[in-house]
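Lettering of chains follows the sequences in order, A, B, ..., and the numbering in each one begins at 1.
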Amino acid sequence: MTEFILEVMMVRVRYAPSPTGHIHVGNARTAIFNYLFARHEGGTFIMRLDDTDLERSTEENIDSMLEDIRWLGLEWDEGFLKGGDLGPYRQSERKPLYDKYLQQLLNEGKAYRCFCTKDELEAEHRKAEAEHRIYRYSGACAHLSQEQIDNNLREGKPYAIRLRIPEQDVLVHDLIRGDVQFKSEEFDDFVIARQNGIPIYNFATVIDDALMKITHIIRAEEHLSNTPRQVFIYRALGFDVPQFAHVSLILAPDHSKLSKRHGAVSVGDYRFEGYLPEALVNYLVLLGWSPKDDREFFTMDELIREFTLDGIGKSGAVFDKKKLTWMNHMYMSRKSADDILTILKTDFANQYSEAFAGLPDEKVREAIDLIKGNAQVLPDIFRLARNIVQPDVIITDEKSQAVLASPEAKVVLQYLVEHFDAIPFGRGDEAMSAWVEDLRNQIPLPAKKLYHPIRVALFGTKDGPEIVKLFMALERNNIRDRLNKALTQ
RNA sequence: GCCCUCGUAGUCUAAUGGUUAGGACACGGCCCUUUCAAGGCUGCGAUAGGAGUCCGAUUCUCCUCGAGGGCACCA
C-alpha cells in the first residue's frame, strides 16, 4: 500500500520542445523550471520531442536544441536518446498510439469523421463573419448516419476527425493561477486529427502526457487557453487530468513577445555572445521566480533545494539584458582562470588563436586571472588581455591617453624610472603591496593622479587591475620599457 | 469580435487587512589617502485609475483602462 502511494505521488514532468533550432530563452526557462521541480521533488525529468513538424525538425535542429539543454546543465532522466519504459519519445514515432486512441473515440462515438471540405468550412467562416456571429463549426457531420459514413468512406472522401464536445464546463486547476473557469459553449467540436491522419498538437500532447504518466505540466501561459480543449480529450479518453502550472511569458523591452527582431533570443545566441551558463540559468530563474527573500545568486544545487512552484509569479517579465550582463560579470569574476581558458578554447577558438597565438597556457591563465574581474562577457577577455600578453602597450581610449599628458603623470613616471631598482620584484606580493602603498608617501598626490598614470603605462587604460597585481604579473624588464615609453609619449 | 491571464519605481521582484512599501539592475552623487564595470554609503523612483467592504486596503470585491495570450486540418 505504501509503495502504491509513493508510486502515485512520484513527480514526473516533461520538457517537450518542438526542435526548430536553438532554444528560445522563454522555452529554456520553462525547461529549467521543469528540471528544478523534478529535482526538488525527487521526481523524473523527461525529454520528449514534439517533432511532428518534420520539415523543421531536422537532425541538425535537434542537435543544437539538445546541445543548448546540456549546456545549461539540464540532464534528463528519461526520454529521447535516454530511453525508458514509456517510449518512444518522439512524436513522429508514436503514430500507432494516436491511431489507436483515435479509433477508440470513434468507436465510442466520442469523436466523429468530418467530411467537410476546406471550401465548405471557409464558406461557414465567411457566413459567420458576415452575420457578426462567432464562428463555430456547424456540426454538419456530427450526426451522419452510418450509411452516409459508409458511403463517404467507400467513395474515398477524405475526412478529419473531430471531438464531440459535451455540454460540460471545465475548471482548470492551475498551480500558479488558481482555478480558471471555461464554459463549454465557448468551444466547438474541434479537429483532433487532420485529413492526412496526423493528429493535431492538442491531441498528441494529451496522449503522450497521459501515457507517459506526466503528473505536472509546467508550460508557458500561451497554452492556458488551450488547456480546456486538452481536458476534454483527457475526459473523453478516461485519462486522469494532470496538474497544470502555466508560467507567464518573457517579454521584450517594448512588452511584445520576445522574438528575433529584438536581437539575441536563444540560448545559443547568449552562449556565443559570451555568457556563462550558470549566469544565464541564474538570471532566467529570477525572471518569474523568487525565493521570497533578498538572495539573488544561486548555484544549481541551491536552486534545486529552494525551488517551489509557489515562488513563481503571475505577471509577464521583461527580459533585461543589462541585468543579465551584470550577473554574468559577477560570475566571470568568480570563475577560475582555468575554467575560462577551457571555454575560450572551445567556444571561441578562432578569437583565441588570434589573441593568444603561440602562448603557453600558463601565461594566458595568468593574464585571465588578472583581468577577468573587469570582463562582462567572455570575449572581453581578448581585448583586456591584449596589453598583458603582448610585448607592447596600445592605448586605445582618449581619456587614458590624456592621463599621460598630465604634468602629474610626468612626475609619477619620472619617479618610477629613477627609483626603478627599489621596486621589490620577486619578493612576494606583500612586499609589493607595501611598496605600492608607500608610493603615496613618496609622491604626495591624490590616489587617482598617482595610480592612473601607472596603470595607463603598464596596462593601457586608466581603469583595470590593481597596480600591485600589474607589477606582479609583468616582467621586470618589460615594466621598465613600458614606463620609459609612457614617459616619452 | 469572443474567451483567458496579468497589472508594486524604467526593469526584475519582496511584503502585510495596520511601521517611513524592502532588495536588485539601470541612472545620479559621495566614500574607499589603489583605479574601475569591484566594495561601502547615498539619492531619484512604485502599489494603473475609480468605486465599494472595513476603524483602516497595495492586499478583499466590482468597474474602467492598459498589457499579454488564445480562439486553425500550427506547435
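Salt bridge A/R177/A/E221: present, at least one basic N to carboxylate O contact under 4.0 Å. In this structure, A/R295 does not pair ionically with A/E302, as no charged nitrogen and carboxylate oxygen lie closer than 4.0 Å.
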Sub-3.5 Å pairs of nitrogen or oxygen atoms, protein against nucleotides 26-28 of chain B:
none

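A/H223 qualifies as a stacking partner of the B/rA75 base, centre to centre under 5.5 Å and near-parallel within 30°.
Across all strands shown, A/F182 has heavy atoms under 4.0 Å from sugar-phosphate atoms exclusively, and none from any base. Contact annotation for A/N374: base contact, defined as any heavy-atom pair under 4.0 Å involving a base atom. Among the atoms of the strands shown, none is found under 4.0 Å from any heavy atom of A/L251. Using a 4.0 Å heavy-atom criterion, one finds that A/M330 contacts the sugar-phosphate atoms exclusively. Nucleic acid contact class of A/R455 (heavy atoms, under 4.0 Å, all strands): base. Among the heavy atoms of the strands lying under 4.0 Å from A/E186 are primed sugar atoms or P, OP1, OP2 only; no base atom is included. Among the heavy atoms of the strands lying under 4.0 Å from A/S315 are primed sugar atoms or P, OP1, OP2 only; no base atom is included.
Checking B/rC73, B/rU8, B/rC71 against the side-chain heavy atoms of A/V191 singles out B/rC73 as nearest.
Evaluation of atom-type donor-acceptor distances gives a pair under 3.5 Å for the side chain of A/S225 against the base of B/rG69.
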